[in-house]
2 protein chains.
Amino acid sequence: MTSDSRLSWRDVRDRIHEHILTGRYGPGDRLPRDADIAEELGCARSTVQRAMQDLSDSGLVERRRKGGTRVRAEPVTRATLDIPITRREVEQSGARYGYQLIRRRMAPAPRGVVAAFGLGASRPMLRVEALHLSDGRPYIFEDRWICPETSPEVNDLDFTEESANEWLVLNKPYTRLDLRFYAVSANPRLSDLLETEPGAALLVIERTTWVDDAPITTVKAITTPGYQLLTGS
Amino acid sequence: MTSDSRLSWRDVRDRIHEHILTGRYGPGDRLPRDADIAEELGCARSTVQRAMQDLSDSGLVERRRKGGTRVRAEPVTRATLDIPITRREVEQSGARYGYQLIRRRMAPAPRGVVAAFGLGASRPMLRVEALHLSDGRPYIFEDRWICPETSPEVNDLDFTEESANEWLVLNKPYTRLDLRFYAVSANPRLSDLLETEPGAALLVIERTTWVDDAPITTVKAITTPGYQLLTGS
DNA sequence: TAGTGGTCTAGACCACCGG
DNA sequence: CGGTGGTCTAGACCACTAT
């Protein structure tokens with residue numbers, strides 16, 4: 001009478017989402033048990049479970065054993081961000097990619113790097129500074145520190161042709177990642193490297209990665225004016 | 001002999017992840033069929049499926065019907081971002097939250113707003129400018145446009161006590177979201193409002209939301225110097 | 001068209017945690 | 001302790017797409 005085909009977990013998800021949009025379930029309200037929803041809709045409990053997992057992933061509801069499922073009282077704006085390899089990013093914009101190593105040398109990790117990794121004390125690390133170019137013009141300046149204990153291979157790499165960005169992403173999978181975004185004013189050196197006016201506002205993307213608590217690398221990707229980071233949604 | 005308890009999908013995920021880390025499966029390589037992995041590990045295929053779903057969500061592998069599962073050739077750095085309501089953000093930092101409406105009026109949507117929504121032509125919208133304070137000092141300046149057709153309730157709200165940020169997040173769930181981040185230099189008005197030096201570099205978080213292609217709101221959250229956006233990971 | 005992942009089901013047991 | 005979500009299984013069928 002009503003529907004001929006089975007309910008998919010997306011259907012179930014959308015129905016519940018609809019109820020939340022409509023206000024049938026408001027912030028903080030408790031939803032029926034999965035089993036009850038399943039019975040009401042005429043599907044298996046695991047289908048409801050799959051739908052709820054999705055709603056939970058998107059931050060719309062919170063689930064607890066015994067506590068049940070509740071609409072999140074303090075909603076958050078949740079989004080997924082994809083940061084591609086810089087070379088790919090440039091090429092996909094239709095421009096010609098270029099790369100230029102600025103400096104490569106061992107040095108004791110400064111305080112900021114020690115803090116980013118959560119280490120107790122400083123230690124010697126490999127610092128690699130490089131410039132990514134788009135159609136020959138500066139695109140991103142990369143100031144990177146690599147932990148040689150975790151990646152001994154870097155001692156044999158000079159990073160004159162291939163960027164550390166690319167080598168690490170391809171060869172050093174991580175198990176933990178910290179990302180942060182902020183803005184800085186171009187100091188004289190940066191405005192020189194990036195060919196911008198002194199004091200220009202630059203978006204900085206800072207990434208730190210670990211393998212099982214062993215620090216791999218931390219990098220500040222300092223972008224050129226006008227650069228925008230978008231969600232993939 | 002080997003193991004007494006069942007494999008969980010996390011175990012399966014970690015094993016495969018390990019194989020990718022080790023290089024047993026390199027970028028672009030094809031992994032065995034789910035069914036074969038299940039048999040090899042002695043678990044149900046759906047357990048492998050659950051593990052693979054997770055690896056796929058984190059951008060480590062790509063799955064296609066008939067094409068099988070492959071290690072992503074061009075890896076991306078993928079992260080999930082949670083942006084809380086500004087009031088909560090301030091309060092959780094231990095500071096006292098304050099709010100101040102700067103201006104509220106109807107106006108024709110400028111080109112940038114029309115473009116953000118993907119509309120064909122301009123139309124009158126409600127513009128709300130407001131300041132969020134942390135311990136009495138400027139924290140974030142919010143420049144927002146609201147589409148009154150989608151949210152007619154805003155005609156009866158003056159936003160002098162409650163911020164549009166909070167009202168919208170609590171009362172206007174969205175089905176689509178666009179996020180972008182970039183840096184701007186403080187112009188005279190911004191440096192005045194935010195009590196910063198003229199030309200200071202500021203991180204801007206731009207959010208646009210829709211319900212089923214109907215535009216709800218677009219907002220530029222212009223932060224104060226030093227503000228950092230972090231991943232929840 | 002055939003191979004592979006995607007989903008649904010029904011049932012069972014487990015893990016967590018609120019009352 | 002008991003209620004609820006989390007997971008695993010075995011099997012079936014479907015949907016997509018590479019070959």
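So that the names make sense, note that chain A is the first sequence line, chain B the second, and so on, each numbered from 1.
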May I ask you to verify if any side-chain N or O of Arg6(A) is less than 4.0 angstrom from the OP1 or OP2 atom of dT7(C)? no

Atom CG of Asp34(A) and atom C1' of dG11(C) are separated, to the nearest Å, by 16 Å

Over how many whole Å does the gap from Arg45(B) atom CZ to dG3(C) atom P extend? 15 Å

Taking only side-chain nitrogens and oxygens of Thr47(A), does any of them come within less than 4.0 Å of OP1 or OP2 of dT9(C)? yes

What nucleotide, of dG5(C), dG5(D), dC8(C), holds the atom closest to the side chain of Trp9(A)? dC8(C)

Heavy-atom nearest pair, Ala51(A) first then Val12(A), reads CB-CG1, 3.7 Å

Within the 6.0 Å centroid threshold, strictly below: Tyr227(B) and Tyr139(B): yes

Has Arg65(B) got a side-chain N or O lying under 4.0 Å from the OP1 or OP2 atom of dG6(C)? no

At under 4.0 Å, does any side-chain N or O of Ser46(A) touch on OP1 or OP2 of dA10(C)? no

Any non-hydrogen side-chain atom of Phe181(B) less than 4.5 Å from a side-chain atom of Gln228(A)? no

For DNA chain D, which residues of residues 48-62 of chain B approach it to below 4.0 angstrom with any heavy atom? none

The helix from dT1(C)-dA18(D) to dG18(C)-dC1(D): angle between end helix axes, five pairs per end, rounded to 10 degrees: 20°

